[in-house]
Amino acid sequence: MNITRREARAQLGAQSFSLVDAQGAMASLDACLLSAKCFRLESAAGDIVFALEFSQGEAWVTVAAGPTACPMSPALDAALVALARMHSCTSLGFQTARRGLVRVAGRLGWRITCPLPNGWQMERAVDEPAT
């Protein structure tokens with residue numbers, strides 16, 4: 001499941017998506033991978049590549065992409081929760097500029113915690129089951 005930043009950059013660099021940093025501004029792929037740990041979740045539909053930063057009890061998804069337009073799925077949600085628990089985190093978070101991702105994540109128990117100029121910040125407690 002762990003992959004190197006180089007592998008993640010190679011796989012994510014082929015994707016076409018926008019990245020939003022912690023302040024809601026546009027960010028580069030290299031900036032999103034800088035202090036994150038990179039992972040690949042293998043599935044029958046195709047691999048999902050994502051990067052997480054672990055800090056002060058929160059696991060933050062800095063970037064994620066998969067074979068479909070919306071990489072969030074029950075399998076990815078479960079993997080994020082498991083990784084957060086392994087790093088003693090109590091919450092998960094990410095930001096997106098994509099309304100469809102907000103809807104899909106909302107069905108899995110994620111909540112909008114802050115509207116941003118370029119999207120939304122979403123969070124989920126690690127101990128809450130996916131809905």
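Rounding to the nearest 0.5 Å gives a distance of 14.0 Å between CZ of Arg124 and OG1 of Thr113. Atom CG of Leu76 and atom CD1 of Ile48 lie 5.0 Å apart (nearest 0.5 Å). Atom CE of Met72 is separated from atom CG of Leu80 by 5.5 Å, given to the nearest 0.5 angstrom. Here the straight-line distance linking atom CG of Leu52 with atom NE2 of His87 works out to 8.5 Å at 0.5 Å rounding. In this structure, CG in Leu108 is found 7.5 Å from OG in Ser73, a value given to the nearest 0.5 Å. Here CZ of Arg98 is found 10.5 Å from CZ of Arg103. Values are rounded to the nearest 0.5 Å.
Using a 4.5 Å heavy-atom cutoff, the side chains of Arg99 and Trp120 are in contact. Residues Gln95 and Leu116 meet the side-chain proximity criterion, which asks for heavy atoms closer than 4.5 Å. Taking the side chain as every heavy atom from C-beta outward, Asp127 and Thr90 never approach each other to under 4.5 Å.
Classification of the Phe50-Phe39 ring pair by plane angle, with boundaries at 30° and 60°, yields parallel.
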For a side chain to side chain contact (heavy atoms under 4.5 Å, CB included) check, start with the C-alpha distance between Phe94 and Thr62, then their side-chain angles and the critical distance, and finish with the verdict. CA-CA 7 Å; Phe94 73 89; Thr62 61; over 6 Å; no

Quick one: do Leu92 and Trp110 satisfy side chain to side chain contact (heavy atoms under 4.5 Å, CB included)? Show the steps, please. CA-CA 9 Å; Leu92 286 154; Trp110 294 79; 3.5 Å; yes

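With sequence neighbours excluded, no residue forms a salt bridge (charged side-chain N to carboxylate O under 4.0 Å, His left out) with Arg85.
For the residue pair Ala59 and Cys89, the shortest heavy atom distance occurs at N-SG, 3.7 Å. Closest approach of Val126 to Val81, counting heavy atoms only: O-CG1, 3.8 Å.
Between Trp60 and Phe54, the gap from one ring centroid to the other reaches at least 6.0 Å.
Between the side chains of Glu58 and Gln56, no donor-acceptor pair of N or O atoms lies under 3.5 Å.
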